[in-house]
2 protein chains.
Amino acid sequence: MLDPVSRIRRFNRAVTSEVGALDTGFLGRGRPLGVARVLNAIGHGRADVADIRDYLGLDSGLMSRFLRSLEEEGLVETVPHAADARRRVARLTPAGEREFEAYEALSNARAQALLARHPKPDALLAAMDLVASALGRDRVSVVEADPACPEARHCLGEYYAELGRRFERGFDVALSRDPDAADMRRPRGAFLIATSDGIPIGCVGLKGTGGTAAEIKRLWVSPAARGLRLGRRLMEAAEAAARDLAVEVLRLDSNSALVEALALYRATGWSEIERFNDDPYPDLFFEKRL
Amino acid sequence: MLDPVSRIRRFNRAVTSEVGALDTGFLGRGRPLGVARVLNAIGHGRADVADIRDYLGLDSGLMSRFLRSLEEEGLVETVPHAADARRRVARLTPAGEREFEAYEALSNARAQALLARHPKPDALLAAMDLVASALGRDRVSVVEADPACPEARHCLGEYYAELGRRFERGFDVALSRDPDAADMRRPRGAFLIATSDGIPIGCVGLKGTGGTAAEIKRLWVSPAARGLRLGRRLMEAAEAAARDLAVEVLRLDSNSALVEALALYRATGWSEIERFNDDPYPDLFFEKRL
DNA sequence: AGCATTAGCTGACTTTAGTCAGATACCTTC
DNA sequence: GAAGGTATCTGACTAAAGTCAGCTAATGCT
């Protein structure tokens, strides 16, 4: 087998020139790269000036000049922050929106061209997800979200599909005790999503009762991100949310086909208990006191 | 399923910051990035000044200044090209070698750290190979090489391993008519290797007789690079080499398990003929007149 | 031999990115 | 309401990268 390090370095070289090409694409619209990056950060929903500065790693003076330059071009306008008049909030003008869309079109066209000329686009995407997860493991963030938002629905869809593959007789949500979304929202419960650069790669639900007991549901980690201790991080966040809601006892049901999850529960202080529901899918039941 | 384009763009972001981190690592040795890149290009075997300039996309004036700066540091020396006194050839001094090694150690340490903390390093490497092949398909070069060089041996090893997996009863080189390496070297034959950024990803052998007949052997394409028409390119290069050797008739033997190769032969003017050897593995035989 | 071409070098220049020290206005806390 | 801290802005600066025209010397071609 070839030296792993030289394989990685070949990858670096291939990707460096691709990234370089992307940068020159950004330069293609007659604007320096730094300014274009700020415009795109705003277009992607970053509004707070400090947030953009932090995301792009810019000096405050430089950031200020980039913003002035975008304002002079008529692409961006800044207004004071509603709650703190020291801070400023940036947003695109209609002209800025059009310019942002032009950048998006450039990136999208590149991405589509890459996929279109590849014989196995699905395999290529899966490989890119795996690499992106490996490289970006330090940039994964776990945040509370609504269990009905698009990101949550994506995670749940993947979760059901995975159960369908794992269980011998498949999986049908309708037969399972699907928790009411309201039970996974504050103040009764919570729903947590792990994202990497905006892409959802894992989730967990905390189904509350309003009392001191709650249940962990829907723990899922994207195949590309497995082994990176994301499940553990999600469970820790769910337990923290439970403590925050004054929950004292957590329960969960699981299935012996879900070996990674079972190993995680056993390693993090969960103890097996008797069956506590009549859902047809689970065959193992756990409890943890907080 | 998530939008493929946003998955690719997440990949781009993950990789951009990785590449950026690598660049700042390169800056850690107190030398501007441009100069460091030239030093590394020379260390990686690029000697011709014009070649380096082309590879790094530099203006000739800038390139010249970078070289002067490296010469002043005592890391590089330039001498006139043996055949063309206008051109210059750069090479590392012993001090330059040491400095280059220090950069190499930095890159290698990064790569090893990435692998070490990943749960499935083999899967990660395979994914990186696939992505690198997809991105670098325009940078694949097919060159003649010695059939006993390390790159060729790597390809042949992978080829035998693949046959072992594909054939029901496995594959043992000792039982096959392994061509003598001398038959795949000029002036009797040729051996061609496809490389992507220095990594071998495919090969083909032309086994000559010294007369007007020759045989195609050992056509192999790395799994990560399949579907990118590399097999076709290798065969075209082999046919060109055969014409160059005044070969008029090409033959080859194959096996019905090698479906991609068979499709390629049938699509590129080969016609099936009677068995022409008693090798135990092949069950299909082809011929092509040049 | 004569002439266009090529590779590399040099000097003068611009653009871009980034740094740093105040200045200003605002916020939080005591 | 004073003190100390924070977010942003401005001006003055530097480093690095890149551009461009013109130069020299060697080469290829007729």
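To find a chain, count down the sequence lines: A is the first, B the second, and so on, and within it residues start at 1. Quick note: numbers below take in every heavy atom, side chains included, and nothing from hydrogens, waters or symmetry partners.
One can place NE2 of B:His81 at 9 Å from P of C:dG8, the figure rounded to the nearest angstrom. Taking atom CG of B:Asp51 as the reference point, atom C1' of C:dT6 lies 16 Å away to the nearest angstrom. Atom CG in A:Asp59 sits about 18 Å away from atom P in C:dT16, given to the nearest Å. Regarding B:Arg68, its CZ atom lies at a distance of 11 Å from the P atom of C:dG8, rounded to whole Å. Here C:dT10 presents its C1' atom at 14 Å from CG of B:Leu67, a figure rounded to the nearest Å. Distance, A:Arg88 CZ to C:dC27 P: 13 Å, rounded to whole Å. Straight-line distance from the CG atom of B:Leu62 to the P atom of C:dC9: 12 Å, rounded to whole Å. Rounding to whole angstrom units, CG of residue A:Leu56 and P of C:dG18 are separated by 10 Å.
Interatomic distance, B:Asp129 CG to B:Ser196 OG, rounded to the nearest 0.5 Å: 9.0 Å.
Comparing A:Gly61 and A:Gly34 against DNA chain C, the residue whose closest nucleotide sits nearer the 5' end is A:Gly34. In terms of position along DNA chain C, the nucleotide closest to B:Arg53 lies nearer the 5' end than the nucleotide closest to the other residue of the pair A:Asp84 and B:Arg53.
Boundaries of the chain A contact region on DNA chain D are D:dG5 to D:dA12, first to last in 5' to 3' order (nucleotide atom under 4.0 Å from a heavy atom).
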- Query: What's the verdict on side-chain contact (heavy atoms from CB on, under 4.5 Å) for A:Arg91 and A:Val79, showing C-alpha distance, side-chain angles and the deciding distance?
  - Reply: CA-CA 8 Å; A:Arg91 61 160 177 255; A:Val79 293; 4.0 Å; yes
- Query: How far apart are the C-alpha atoms of B:Leu245 and B:Arg188, what are their side-chain angles, what is the distance that settles it, and do they pass the side-chain contact (heavy atoms from CB on, under 4.5 Å) test?
  - Reply: CA-CA 8 Å; B:Leu245 291 169; B:Arg188 292 176 70 83; over 6 Å; no
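Heavy atoms of other residues, nucleotides or ligands lying less than 6.0 angstrom from CZ of A:Arg153 number 12 at most.
Put simply, the side chain of A:Arg65 and the base of C:dT19 share a donor and an acceptor less than 3.5 Å apart.
Put simply, the side chain of B:Thr93 gets close to the backbone of B:Leu75: a donor and an acceptor are under 3.5 Å apart. Counting only distance, with no hydrogens or angles, the side chain of B:Arg243 and the backbone of B:Glu248 share no donor-acceptor pair below 3.5 Å.
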Please list every donor-acceptor pair under 3.5 Å in which a side-chain atom of residues 40-47 of chain B meets a protein atom from a residue at least two apart or in another chain.
from: B:Asn40; atom 1: ND2; to: B:Ala36; atom 2: O; distance (Å): 2.8
from: B:His44; atom 1: NE2; to: B:Glu104; atom 2: OE2; distance (Å): 3.2
from: B:Arg46; atom 1: NH1; to: B:Asp51; atom 2: OD1; distance (Å): 3.4

